[in-house]
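Structure record follows, encoded as structure tokens.
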Protein chains: 4
Amino acid sequence: MPIRAAVMTAPRAPIELWDLDDPSIDEGGILLETVASEVCGTDVHLFNGRLEGVPYPIVPGHVSVGRIIEMRGVSHDAEGEPLAVGDTVTFYDVHEVCNACYHCTVVQQPNRCPHRRVYGITYSANDGPFGGWAERIYLKPGVRVVKLPQGVPPDDVIGGGCGLFTGFAAVERSGLQMGDTVVVQGSGPVGLSAAAFAALRGAGRVVVVGAPKSRLELAQLLGADTALSIEEWSPLEREQAVRALTGGRGADVIIEASGNPAAFTEGLDMLRDGGTYVIGGHYTDTGTVTVNPHVHVNRRHANILGQWGTDFRHIVRALAMLAKHHERLPFNRVIGGRYKLEDAAQALEDVAELRVTKAIIAPHG
Amino acid sequence: MPIRAAVMTAPRAPIELWDLDDPSIDEGGILLETVASEVCGTDVHLFNGRLEGVPYPIVPGHVSVGRIIEMRGVSHDAEGEPLAVGDTVTFYDVHEVCNACYHCTVVQQPNRCPHRRVYGITYSANDGPFGGWAERIYLKPGVRVVKLPQGVPPDDVIGGGCGLFTGFAAVERSGLQMGDTVVVQGSGPVGLSAAAFAALRGAGRVVVVGAPKSRLELAQLLGADTALSIEEWSPLEREQAVRALTGGRGADVIIEASGNPAAFTEGLDMLRDGGTYVIGGHYTDTGTVTVNPHVHVNRRHANILGQWGTDFRHIVRALAMLAKHHERLPFNRVIGGRYKLEDAAQALEDVAELRVTKAIIAPHG
Amino acid sequence: MPIRAAVMTAPRAPIELWDLDDPSIDEGGILLETVASEVCGTDVHLFNGRLEGVPYPIVPGHVSVGRIIEMRGVSHDAEGEPLAVGDTVTFYDVHEVCNACYHCTVVQQPNRCPHRRVYGITYSANDGPFGGWAERIYLKPGVRVVKLPQGVPPDDVIGGGCGLFTGFAAVERSGLQMGDTVVVQGSGPVGLSAAAFAALRGAGRVVVVGAPKSRLELAQLLGADTALSIEEWSPLEREQAVRALTGGRGADVIIEASGNPAAFTEGLDMLRDGGTYVIGGHYTDTGTVTVNPHVHVNRRHANILGQWGTDFRHIVRALAMLAKHHERLPFNRVIGGRYKLEDAAQALEDVAELRVTKAIIAPHG
Amino acid sequence: MPIRAAVMTAPRAPIELWDLDDPSIDEGGILLETVASEVCGTDVHLFNGRLEGVPYPIVPGHVSVGRIIEMRGVSHDAEGEPLAVGDTVTFYDVHEVCNACYHCTVVQQPNRCPHRRVYGITYSANDGPFGGWAERIYLKPGVRVVKLPQGVPPDDVIGGGCGLFTGFAAVERSGLQMGDTVVVQGSGPVGLSAAAFAALRGAGRVVVVGAPKSRLELAQLLGADTALSIEEWSPLEREQAVRALTGGRGADVIIEASGNPAAFTEGLDMLRDGGTYVIGGHYTDTGTVTVNPHVHVNRRHANILGQWGTDFRHIVRALAMLAKHHERLPFNRVIGGRYKLEDAAQALEDVAELRVTKAIIAPHG
């Protein structure tokens, strides 16, 4: 039976519905029925042709949740939990890291392995159902799968989507100390996740800077103590507000999740001397900003850390946190719209226009 | 007997010779006969009025070596070594950190304590002999003193000067791993020290980028494996050279010691994904540079760390390294000129004009 | 007006009520009216003469909460908050760290400064009201004071008592990662605090091993997911239970808060390869245990960390966490009895006999 | 042409010379002509049947140097250097880590992967030439190979042998700070390597505790500043000597490389409060020791770290250090005897009896 998929045939071309061949399952492979995939900011960038080397036509959708309908020679997930047909799982979109190169072995940063491939981004639709905007997804041998923990509904995973794991990774990288004041710049999916995990990771106070009001309300629902609307507060007022909350010192930790280059210096201006600034989740080049290395870095004794993407460990650990705190992490509430495959173009437009924070693609409704 | 001192009376005013009153020694205080002080880049900035809040007239000279001629109620240095009149010591120019504020107690970064005072910078000459460009220096109670280890001649300490400790601090902060390729940007006193300590701290390869040729030769004498002259190599060629040395990956660690804003992006462009970039030793604002947060920080998964000044521990540890490796750390060779107090203006000019790498003030010859 | 105090005159001697002279307030000093102090395990050790060098007679009570009734030349607390007469504060019992020795300056571990003095332990009652079992406490200049944050009732601080800060310190030192399984050995005040902060710091699962049942219920109230009673489970069963929760791997982080030497090897036996084991809060020597360095440390690739006491930063940060999470940290529920000064002997006995988890001394009721 | 190999057929059975079949080279595989392998302490344990699960008969020899005589589909080593027939390489004896389990992916400690296989230990001689005591060694696809850097003779690698990498790993794990006093317990191959790398990694002073005199002389040749013979100094005298060198504080870092359980408490007794103790290189259970958790861990605020084996990164980095410092790392001097395959039993005996520090097996002389 062919697999229906929504396909980006080229940048800015209309999304088409294609029928893909059902793949044969290799030893170690898994076939998923797609429960839900997502439309994230990267998909908007893909549509606009902002990423290099993308082999259009592609089936978008890098983070997805699915139900196992067939598998060969796979018995356990990476946590060691037994896997069975019918189980609901998610998987690490990045795979085929080589485990042999300098980044994989010597510096243990597989997120920078040059051999990495990514579901929903680096495959042609002609290669097969390697993206989540499809009725079924084929997980090649070696793709790292993890079963959703008991009590974690698929909507809480996909409502967070790739932003869930990216925000988690940024918080982990920040090394925040209990009691720290954390500022999150941006209230999209990455920012919402960063705010939620900062709160669960021991922040003394979480401040989200963003817009619009509906997203800021979500941020507060997910754990932010304070929301500063960029529609109502000027950059200077934002800095003053943060300083007022911190005895004038500035934030201990700032997580950049807006993708706006101007956020970089605005954030450094409100960072405490010796504080930590993490940039997580810019998946595309959005331009430059003027920085003063002496003022912003050296005299500030700053720690400025880039977090590129996620590792598999972030997914495993984020799911463990969802399992423990599911009542405090209603990421399903972030879902602004649920779209069929034939409505993928509409979903994309709604995300691009910020009409919804998170759109999900649910091929089977 | 009055104390002769070279005094900056105001920015860009001629240096004057003053006679200061001999101080009375408080309980816990120490009077030093100055063996040697230094003229560093900060002194040039002071002369040009580039630092804020300086209470001219001042006696410059923040890092100095002296001989104890009188002390009251002091018996040991911070290492626990007994102190006696006649001992040759150096001291931490920063003092009167409050040990009570947030930076001192909660985040343990006394280098950012707002109460800190600094010899040679924050005192008026009317307050007393609180700078090294004087025949004697009065160390107030609480100033942290450390005896020069056996076998370490004063010229190796003062030849490194404050750059010795600043370069040390930058290397320590980098957390470099054994075998790493380290690039040092700048071949002034801070850069020379950073190169030397990177080599002693386990770098697999040390590359210094700087000029002129005489300084690059000093860098190689002190431990650099490769010197790239900015007079001969373009920025692109420098990047290519570093990539050629590292299998195309870029440097694992880069230490910015040039003070030139353009070095920031040049350095980030030659940093390996996941590498560490430390800015140590910009003591004054030298301007801005255009940065791409996505390219330079996020996608690079970079660690960018400011190292503001030094802590006392850097001095103690740097001296321990000088003691162990004195034959490999001939910092006395960095001294380009030895000046009497009456020639301080000349010393300042020679440093400003880059005629010498390090000028020292030796009031007693 | 004299200050009534409960005094340990000698090991195992009856507690006496003494009248101490009202101190004169030095510049920088603060006089507190005691709101509440505590009886902790260390006080039992003091009563039994288990600590060396204690200058009996002493006024016990190292962690206390008080109201400012007089102060001279003090305007702000260490967080930078303004202080006024009438404010309710706590303070860091350790003080007079020298800020000059190797531990204070070079390795930045003031908790190992040999000059440290401690309220309630290192002062003779003849020196003045330097312990919390007294109507008033005199805070000498330099004692670090912090105002209770808004919304934090004194009983939540003193109900946690010194265990609150010790447990916090142990969790901070563990460096636990979000999603980790944390085992806390011991359900006294330190263990309860460690369990509570582990949960707030991002643990995926918190297991407390202890007794009796009432304390295990408190542990669950404060954030533990699982309680294993040592009265019902054998050591082997405890290990099996922890392995069953962790896919057979063992706990990622274990915090030893029981003070029982046997806990050390029991804990190491249930630690995951590469896991972290923190010993926090043994304030006295309780004996030895037989360890196999190969099996327990080397092959396990273990991280075994001692946490000696607390630093001031732990207090500031723990209070920030109480402020944020006061509804989840009802440490007042740990208080098993509230005693007047004249009942201090009874309080001590009730703690020694484990009749109460935490006894507090409330001189004014 | 068959491959001659020295085979341990069973614990304590005579070593036999076998002829193994020449393997067929799979895609990704490499056939080496053995330049030299080694006899290390683990081989003595293997001979004595001290390791569990060893599939005798085996070809011992886990760390080896060889010359490529054939390879299929391999073009570069892990550093990215091109590989060609005739190149001299070493390789990581541990392989077939799964890159999928919890240890490989979530906590990034492949040295604890349960799927790992090890050359010279986990293969039957009937499987093929999977150990270094053979004329040729077959490297299966995925075995990580690295070319010896220019200027590094094979004897300096194999003279260090697996101890070279184990000592390196222990030093890296210690996180020593420049200027620290480092004590190495043990003067066998691991201890010699630890001393050498501690010196190159920035130690202020390296003290080796061991015996006999010839090994202590090697330690000093390789970088130790002080050697304390256990034949001449009692444990108490050793502690006093270390305290005398450190102002009474004890060593900042201690590396246990003796394998003697008693070294554990002796070492902790000479550790500075807050210092770091690493156990690296006990490859077999040598018994227990009595520890006081309060005294040795908690009050000492100690960091006690197990280092199990090595990761591939240690090999790459150690070779980079050999390349830079070859004149200071004459590990060839550690070689006490060079044995042919037919003399393997003699080599084993000479190592077991401590007649030589390092015996190498050179099948081709």
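We name chains A, B, ... by the order of the sequence lines, and we start the count at 1 in each one.
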Just to be sure I understand the criterion: a residue of residues 179-188 of chain B counts if one of its heavy atoms is under 4.5 Å from a heavy atom of chain A. Which ones qualify? none

Short question: side chain of Arg300(B), backbone of Trp308(A) - any donor-acceptor pair under 3.5 Å? no

So which part of His103(B) gets closer than 4.5 Å to some heavy atom of chain A, the side chain, the backbone, both or neither? side chain

Any residue of residues 264-276 of chain B which, by heavy atoms, sits under 4.5 Å from chain A: Phe264(B), Arg272(B), Asp273(B), Gly274(B)

Most heavy-atom pairs under 4.5 Å with chain B, out of Gln177(A), Glu256(A), Gln109(A), belong to Gln109(A)

Looking at every heavy atom in both Gly287(A) and Pro293(B), which two are closest together, and how far apart are they? O-CD, 3.5 Å

Let me know if Gln307(B) has heavy atoms under 4.5 Å from chain A in its side chain, its backbone, both or neither. both

Taken to the nearest 0.5 Å, the spacing of Arg249(B) CZ from Arg112(A) CZ works out to 14.0 Å

Is Tyr102(B) close to chain A through its backbone or its side chain, or both, or neither, when contacts mean heavy atoms under 4.5 Å? side chain

Tell me which of these, Ala263(A), Gly280(A), Gly259(A), Ala302(A), has more heavy-atom pairs under 4.5 Å with chain B than the rest. Ala302(A)

Between the side chain of Asn303(A) and the main-chain N/O of Ile304(B), is any donor-acceptor distance below 3.5 Å? no

Hey, could you give me the CZ/CD1 distance between Arg299(B) and Ile279(A), rounded to the nearest 0.5 Å? 12.5 Å

Please check if the side chain of Asn292(A) supplies one atom and the backbone of Val289(B) the other of a donor-acceptor pair under 3.5 Å. no

May I ask you to name which of Thr286(A), Val107(A), Thr284(A) has the most heavy-atom pairs under 4.5 Å with chain B? Thr284(A)

Pick whichever of Val295(A), Val278(A), Val291(A), Asn298(A) has the most heavy-atom pairs under 4.5 Å with chain B. Asn298(A)

Do you know which of Val106(A), Asp252(A), Leu305(A), Asp285(A) has the most heavy-atom pairs under 4.5 Å to chain B? Asp285(A)

